[in-house]
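A quick write-up on the structure given underneath.
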Amino acid sequence: MKNEIIAVYPGSFDPLTKGHLDIIEKASKIFPVVVVAVANNYSKQNTFSVTERLGMMKESIKIKNVKIDSFSGLLVDYLDNIGSFVVIRGLRALSDFEYEFQMALMNRTLNNKIETIFLMPDHKYTFLSSSMVREIASLGGNFKNFVPPAVYKTMKKKFK
């Protein structure tokens with residue numbers, strides 16, 4: 001019997017949005033195991049710690065074949081460590097493509113077994129980004145429809 005394919009959806013998820021959830025749901029219907037991997041990038045200034053992001057995800061994602069994890073360092077090393085060769089990336093608009101294409105080629109150059117699968121979110125999320133949600137929240141705007149309830153609750157406390 002062939003091993004199950006593990007697909008990894010990496011990102012900072014600072015915070016998790018409904019657009020991310022849409023991609024996770026789509027990936028979970030295609031792959032037997034999906035790992036949502038929170039990047040612990042020390043050079044990036046995140047609004048939420050890795051622990052906070054993992055907590056919000058665990059409260060928000062209730063899909064049986066989806067696991068939540070975090071990683072530091074190169075994505076290709078993380079994939080190798082967990083026995084995966086599939087990366088999931090979301091494409092909201094054509095503007096995302098150039099960056100994502102470069103990343104996919106770099107990952108494949110570092111490990112020629114890596115395959116990147118691009119998924120498009122539902123059209124109602126194509127404008128949505130974590131940075132936009134953070135900005136709206138920091139300015140006191142209504143962002144409730146853009147994030148899961150657990151994320152909304154945590155963000156309301158953070159941006160009092």
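Source: prediction; values computed, not measured.
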Hey, are the side chains of I24 and V66 touching, using non-hydrogen atoms and a 4.5 Å cut-off? yes

To the nearest 0.5 Å, how far apart are CG in D80 and CZ in F85? 12.5 Å

Quick test of your reading: applying salt bridge (Lys or Arg N to Asp or Glu O under 4.0 Å), list the pairs with at least one residue in residues 104-126, sequence neighbours left out, ordered by first then second residue. R108-E115

When hydrophobic residues are tied together by side-chain contacts of less than 4.5 Å, even through go-betweens, does M56 share a cluster with I61? yes

Taking all non-hydrogen atoms of both residues, which atom of A104 and which atom of T116 are closest, and how far apart? CB-OG1, 3.5 Å

Same cluster for V147 and F48 if Ile/Leu/Val/Met/Phe/Trp/Tyr side chains link at under 4.5 Å? yes

Testing V50, T51, V36 one by one against S70 for a side-chain contact (heavy atoms from CB on, under 4.5 Å), which residue passes? V50

Beyond-backbone contact of V35 with S84, side-chain heavy atoms, under 4.5 angstrom: no

In Å and rounded to the nearest 0.5 Å, what is the CG to CG distance from L110 to L74? 6.5 Å

Full working for side chain to side chain contact (heavy atoms under 4.5 Å, CB included) between M103 and L75: CA-CA 10 Å; M103 289 300 294; L75 175 61; over 6 Å; no

Going only through I, L, V, M, F, W and Y residues with side-chain contacts under 4.5 Å, is there a path from V38 to V87? no

CD1 of I117 to CZ of R89: how many Å apart, nearest 0.5 Å? 13.0 Å

Scanning both residues in full, the closest heavy-atom pair of G19 with P121 reads O-CB, 4.4 Å

Closest heavy-atom contact between I88 and A7? CG1-CB, 3.9 Å

Is L91 reachable from L105 through a run of I, L, V, M, F, W or Y residues, each pair having side-chain heavy atoms under 4.5 Å apart? yes

For a quick check under 3.5 Å, do T17 and H20 share a side-chain donor-acceptor pair by atom type? yes

Pairwise side-chain contact, N142 with I136, heavy-atom cut-off 4.5 Å (strictly under): no

Hey, can you tell me if F127 and F146 have their rings parallel, tilted or perpendicular (30° and 60° cut-offs)? perpendicular

To the nearest 0.5 Å, how far apart are NZ in K58 and CD1 in I68? 6.5 Å

One pair to check against side chain to side chain contact (heavy atoms under 4.5 Å, CB included): K156 and F143. What are the steps and the verdict? CA-CA 10 Å; K156 285 298 276 186; F143 60 96; 4.0 Å; yes

On a heavy-atom basis, the closest approach of P15 and M155 is CG-SD, 3.5 Å

Approximate separation, where rounding is to 0.5 Å, of L54 CG and F13 CZ: 10.5 Å

Non-hydrogen atoms of F71 and P10 that approach each other most closely: CE2-CB, 4.1 Å

How many angstroms lie between atom OG of S130 and atom CG of L16, to the nearest 0.5 angstrom? 7.5 Å

pair L119-I30: side-chain heavy atoms closer than 4.5 Å: yes

Atom NZ of K158: over 12 foreign heavy atoms under 6.0 Å: yes

Return each pair, listed once, that meets salt bridge (Lys or Arg N to Asp or Glu O under 4.0 Å) where at least one residue sits in residues 14-31; pairs must be two or more places apart or across chains. D14-R134, D22-K26

Looking at Y99, I'd like to know if its OH atom is crowded, meaning that more than 12 non-hydrogen atoms belonging to other residues, nucleotides or ligands lie closer than 6.0 Å. no

Cluster overlap F31 with V8, hydrophobic side-chain contacts below 4.5 Å: no

Less than 4.5 Å apart, any side-chain heavy atom of Y78 and any of D69? yes

Which heavy atom of S12 sits nearest to which heavy atom of R53, and what is that distance? O-NH1, 2.7 Å

